[in-house]
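Only one structure is covered here, and it is reproduced in the block below.
Counting starts at 1 for both ligands and their atoms, following the listed order. All values below come from the heavy atoms of this structure, side chains included, with hydrogens, waters and symmetry mates left out.
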Amino acid sequence: MKYPNTISSKLPKVGTTIFTVMSALADGHKAINLSQGFPNFNVNEKLISLINQKMKEGLNQYAPMQGVLKLREVLCEKMEKLYGANYHPDKEINITSGGTQAIYSALTAVVRQGDEVIVMEPAYDCYVPAIELNGGIPIYVQLKSPNHTIDWNDVKKIISPRTKVIMINTPHNPMGSVMTVNDMHELEKIVTGTNIILISDEVYEHIIFDGLKHESVCKYPRLAERSFIIFSFGKTYHATGWKMGYCFAPENLMTEFRRVHQFIVFTSNTPFQHALAEYISDCDDYKELSEFYQQKRDFFLKQLKGSRFKFTPASGSYFQLLDYSAITNEKDTDYAVRMTKENGVASIPTSVFYHKPIDNKLLRFCFAKTDETLSKAGEKLCGI
Ligand code: PMP
């Protein structure tokens with residue numbers, strides 16, 4: 001069957017995401033899948049039982065549009081405890097169906113036709129389509145090698161009277177880099193006295209290594225007053241398939257967020273919200289997450305001793321970049337496919353996170369996997 005008229009695509013350059021493509025390729029070739037970012041170990045048993053219990057208790061109908069109050073309250077307390085930030089549970093937080101939906105809702109709330117949105121490249125793949133669907137114009141600035149840092153002079157140069165939003169992401173996917181106190185001060189200097197809004201993607205807030213501290217924009221009042229801050233339960237509780245997240249913003253921004261949020265999704269999964277509220281109120285196991293993942297990162301890198309890959313250990317997130325320039329001159333997109341087929345390990349080519357193809361010979365590997373999986377992958381990678 002065919003729709004009789006030709007429709008003109010709203011996202012003509014967008015195909016199936018690289019995550020779907022590489023995961024399907026990994027399945028088809030029985031390769032170890034270190035491409036898509038998801039853990040292959042299970043969620044805490046207590047949390048699963050709580051969800052089950054909440055369902056049995058009959059908490060299965062629509063939750064309030066803003067999210068279950070108890071969950072909003074415990075998350076506000078957490079923000080206070082961790083970052084000293086004060087958010088009002090009624091007016092300044094909304095539970096969402098994942099970080100992606102929160103990002104989409106925030107952009108939709110504020111971006112109009114012709115508005116410019118500054119995006120640091122490489123950029124997580126949902127940012128640009130969400131900007132473009134809202135008529136916004138992505139303006140790109142590239143992170144600087146070798147440590148994938150932000151050159152704030154580059155950012156200053158591209159600010160214009162039409163700059164509506166700056167998007168930041170720390171810890172960073174795919175580069176595994178983190179923003180520092182100095183970055184936050186530079187950002188403050190740039191936005192103070194302007195109407196620029198920030199969207200700060202902090203879904204990996206609890207995955208940060210080597211004694212570094214997560215610098216949330218909420219710690220900086222001059223940033224927090226203009227920021228939507230995005231978090232995801234998927235990353236913190238090893239449950240990417242739940243698609244549960246939340247967004248903090250000052251009241252005036254949150255009011256606009258809710259205006260669109262209620263017609264994009266209205267509300268999110270009820271029993272999960274009740275279960276998470278109870279779980280988080282008596283357990284702060286997220287504090288152990290950095291150590292847990294640092295061990296995974298170190299274990300993975302130890303497996304690569306003697307391999308021909310070069311690397312700098314990731315500072316945050318659960319992704320490790322490997323430089324394969326000593327192995328082949330192929331483009332990363334070609335090599336990622338060949339490695340999956342011939343060597344049995346799937347990864348993500350980092351060039352797909354740029355609007356123009358670049359050739360930096362870096363592949364991204366997800367180390368949120370059991371030691372057994374990482375050790376098998378290491379063996380295969382060392383054989384190359
Ligand atoms: N931002 C970044 C940087 C991510 O890596 C991800 C998930 N891969 C998201 C947002 C989306 O989170 P969620 O799965 O909760 O939609």
*Relative to Phe38, does Lys369 satisfy both conditions: NZ or CZ under 6.0 angstrom from the six-membered ring centre, and within 45 degrees of the ring's axis?*
yes
*asked:* Heavy-atom contact check, 4.0 Å cutoff: does Tyr204 meet ligand 1?
replied: yes
_Validation row: Asn269, Met244 side chains within 4.5 angstrom (heavy atoms)_ = yes
*So Phe257 and His261, would you call those rings parallel, tilted or perpendicular, with 30° and 60° as cut-offs?*
parallel
*Relative to Phe367, does Arg297 satisfy both conditions: NZ or CZ under 6.0 angstrom from the six-membered ring centre, and within 45 degrees of the ring's axis?*
no
*Just need the protein heavy atom nearest to atom 9 (C) of ligand 1, so name the residue and atom and give the distance.*
Tyr124 CE2, 3.4 Å
*Taking distance alone, with no angle check, do Gln101 and ligand 1 share an N/O pair under 3.5 Å?*
no
*Which bit of Asn173 gets closer than 4.0 Å to ligand 1, counting heavy atoms only: side chain, backbone, both or neither?*
side chain
_So which atom in Ser232 and which in Val203 form the shortest heavy-atom distance, rounded to 0.1 Å?_
CB-CG1, 3.7 Å
*What class does the angle between the rings of Phe292 and His238 fall in, given that below 30° is parallel, 30 to 60° is tilted and above 60° is perpendicular?*
tilted
*Please say whether Thr100 places an N or O atom under 3.5 Å from an N or O atom belonging to ligand 1.*
yes
*Short N/O distance, under 3.5 Å, between Gly99 and ligand 1?*
yes
*Is any side-chain heavy atom of Ile229 closer than 4.5 Å to a side-chain heavy atom of Tyr87?*
yes
*asked:* Can you tell me if Asn169 contacts ligand 1 (heavy atom of the residue under 4.0 Å from the ligand)?
replied: yes
*asked:* Checking a contact table here: which protein heavy atom is nearest atom 14 (O) of ligand 1, and how many Å away?
replied: Lys243 NZ, 3.1 Å
_Out of all atoms in ligand 1, which are within 4.0 Å of some heavy atom of Gly98? Include the element for each._
15 (O), 16 (O)
*asked:* Is any side-chain heavy atom of Thr149 closer than 4.5 Å to one of Leu143?
replied: no
*How far is atom 2 (C) of ligand 1 from its nearest protein heavy atom, and which residue and atom is that?*
Asp201 OD2, 3.3 Å
*Could you tell me the residue and atom name of the protein heavy atom closest to atom 7 (C) of ligand 1, and the distance to it rounded to 0.1 Å?*
Lys235 NZ, 2.6 Å
